[in-house]
Amino acid sequence: MFIEIEPESTVPIYLQLAQQIIEGVAKGSLKPGDSLPSVRSFAADLGMNMHTVNKAYHYLEEKEFIQIVPKKGVFIHEKGVRKASASDRQRLSKELRPIIAEALCLQLSQEDIELLVKEIILDLKEVK
Amino acid sequence: MSAIIFIVLLMFNIAIQAFLPKFLKESEAFGVYIPDTHLKDPRLMKMKNRYTQLVLLCGVVVLVLFIGGVLIVRPQEQQIVFWGLAAQIGALVLPMGLYAKNHIALANWKKDEKWTAGQVERKVVDLQFREQLKLLPNMYFILPMLLTFGLSVYGLTQYDLLPDQLPTHWGPNGEADAFTEKSWLSVSSLPFLTLVLQGMLLFFNGAMKQSGAKIQVRNKKRSREQQLAFRKYTSWLLFVVTITVTLLMGYLQLTIIFPETMSTSVTLASTISFLVIILGSVLFYAIKVGQSGTRITVSHPDESLEGVIDQDDDRYWKFGMFYVNKNDPSIMVEKRFGIGWTINFGHKTSWISLLLLIGSIVFVLTLQ
């Protein structure tokens with residue numbers, strides 16, 4: 001699976017990395033148990049600092065999307081695709097909140113927002 | 001005889017240098033990154049053609065001077081070697097000057113006309129690249145080293161039987177023409193240098209595994225396949241070099257141990273076949289694989305992406321030749337102007353290995 005990074009973007013690079021890996025899991029191009037490159041090779045491919053990759057990996061590890069097994073490598077977490085727990089739900093709600101608030105500021109109606117969500121889900125589930 | 005070897009080497013050298021721009025990928029010319037929008041710039045085409053013509057012209061002049069000099073003056077072997085080296089250096093310096101001129105001109109056009117302005121730069125990573133990478137295992141490079149090591153130990157056990165004068169240099173006719181006093185050091189210097197060379201090749205093979213893949217945003221699938229193939233072929237080329245070096249050096253080591261049994265014609269034959277195999281493999285590599293494998297045909301269509309270009313990393317390429325990037329953990333990177341690899345001068349390991357290599361060669365030379 002390819003990952004594309006825009007170094008000049010306002011979104012931090014580590015977040016771009018993490019978000020695209022999560023999207024890969026959502027789309028099914030990355031399956032639980034699939035291996036990811038080591039921090040060193042990933043950073044070499046990017047031509048960027050190893051800290052950037054480390055940060056992305058820790059971010060993903062915290063969210064239980066990847067598993068870092070010392071001396072073995074980095075893998076998509078067995079529980080990468082899972083039933084949301086109460087705390088998962090709470091976290092998502094917290095993360096969504098500012099975006100919904102922004103949408104309301106932009107005077108999007110509830111239907112508009114729902115439509116937007118539907119479009120994104122369709123796009124993610126589209127088999128390519 | 002040495003004149004012929006020099007002529008062959010010179011012709012090889014000049015041809016490779018002159019046609020180099022035609023072998024390189026379009027997106028990098030004279031060490032400058034060219035965005036897709038300017039690939040077909042007529043000024044660029046003209047610059048490449050002029051480079052080839054000029055280098056060929058200079059090369060022919062050097063070649064004619066060398067051949068003419070040898071035929072008219074009929075110098076001694078020693079002098080031919082000296083002239084040959086001078087001609088080689090001449091045929092190397094001229095294209096370098098021309099390269100520098102073109103590099104500066106091109107970099108200025110790019111800056112003044114803002115070739116990359118208004119485009120989004122993107123960097124592509126393939127998550128499965130290392131899994132698909134098929135390099136020869138390091139074992140293939142360690143085994144020849146064991147052979148060299150064994151020969152060196154064997155040489156040392158025969159120490160008392162060795163003659164007092166050991167050959168250190170073999171003329172092009174296969175006869176030893178320089179000697180040194182026998183000592184524990186001079187007996188081990190040849191295998192030691194061989195081990196250094198073999199160690200370097202082993203190091204290259206290992207460093208290539210870690211080296212970053214440069215995947216192009218507009219043709220991801222094609223450039224990935226080409227990068228994989230390029231690395232695989234490089235690994236094989238390193239292996240061929242290791243094997244031929246091991247055989248030649250091993251043979252020379254044997255001639256030191258058994259000076260009577262080895263004939264000069266065999267030495268000559270093995271030197272020439274060494275040269276033919278190395279030059280042949282390099283030529284095959286350049287023609288079949290090309291820079292970053294761009295000459296390998298892969299049937300993946302280009303993607304049309306408007307307003308998106310690869311990341312411009314000119315700032316990490318000093319003079320378009322030396323890669324200096326402290327953040328990049330790659331030790332080896334693909335060359336920009338030329339087919340092959342160079343080291344990341346922003347990396348500590350690169351400097352340490354470079355110093356170790358130079359140090360060990362100087363060490364052997366000064367002690368002899």
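Per chain, numbering begins at 1; letters A, B, ... match sequence-line order.
No part of A/Leu17 comes within reach of chain B, as not one of its non-hydrogen atoms sits under 4.5 angstrom from that chain. With a 4.5 Å cut-off on non-hydrogen atoms, B/Val308 does not touch chain A at all. Proximity to chain B is absent for every atom of A/Thr52, based on heavy atoms less than 4.5 angstrom apart. Heavy atoms of B/Val120 lying under 4.5 Å from chain A belong exclusively to its side chain. Contacts of B/Ile215 with chain A are made by side-chain atoms alone, with heavy-atom separations under 4.5 Å and no backbone atom involved. For B/Lys209, no part lies under 4.5 angstrom from a heavy atom of chain A.
If you take CG on A/Asn49 and CG on B/Asp328, they are separated by 10.0 Å, rounding to the nearest 0.5 Å. To the nearest 0.5 Å, atoms OG (A/Ser9) and CZ (B/Arg122) are separated by 10.0 Å. In this structure, the separation between CD on B/Glu131 and CG on A/Leu36 is 8.5 Å, given to the nearest 0.5 Å. Distance check: B/Gln311 CD to A/Ile5 CD1 gives 10.5 Å after rounding to the nearest 0.5 Å.
At a threshold of 4.0 Å, the pair B/Arg130-A/Asp45 counts as salt-bridged, since one of the basic side-chain nitrogens sits closer than that to a carboxylate oxygen. The residues B/Lys220 and A/Glu4 are annotated as salt-bridged, a charged nitrogen and a carboxylate oxygen being separated by less than 4.0 angstrom.
Within the 3.5 Å criterion, the main-chain N or O of A/Arg40 finds no donor-acceptor partner in the side chain of B/Gln210. Under the 3.5 Å distance criterion, the side-chain polar atoms of B/Asp126 are left unmatched by any main-chain donor or acceptor of A/Phe2.
Of all heavy-atom pairs between A/Ala44 and B/Ser211, the closest is CB-C, 4.3 Å.
Put simply, of A/Glu8, A/Met48, A/His51, the one with the most heavy-atom pairs under 4.5 Å next to chain B is A/Met48.
Residue B/Lys110 qualifies as enclosed at atom NZ: its count of foreign heavy atoms under 6.0 Å is above 12.
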Could you walk me through whether B/Val124 and A/Ile3 pass the side chain to side chain contact (heavy atoms under 4.5 Å, CB included) check?
CA-CA 6 Å; B/Val124 183; A/Ile3 277 195; over 6 Å; no
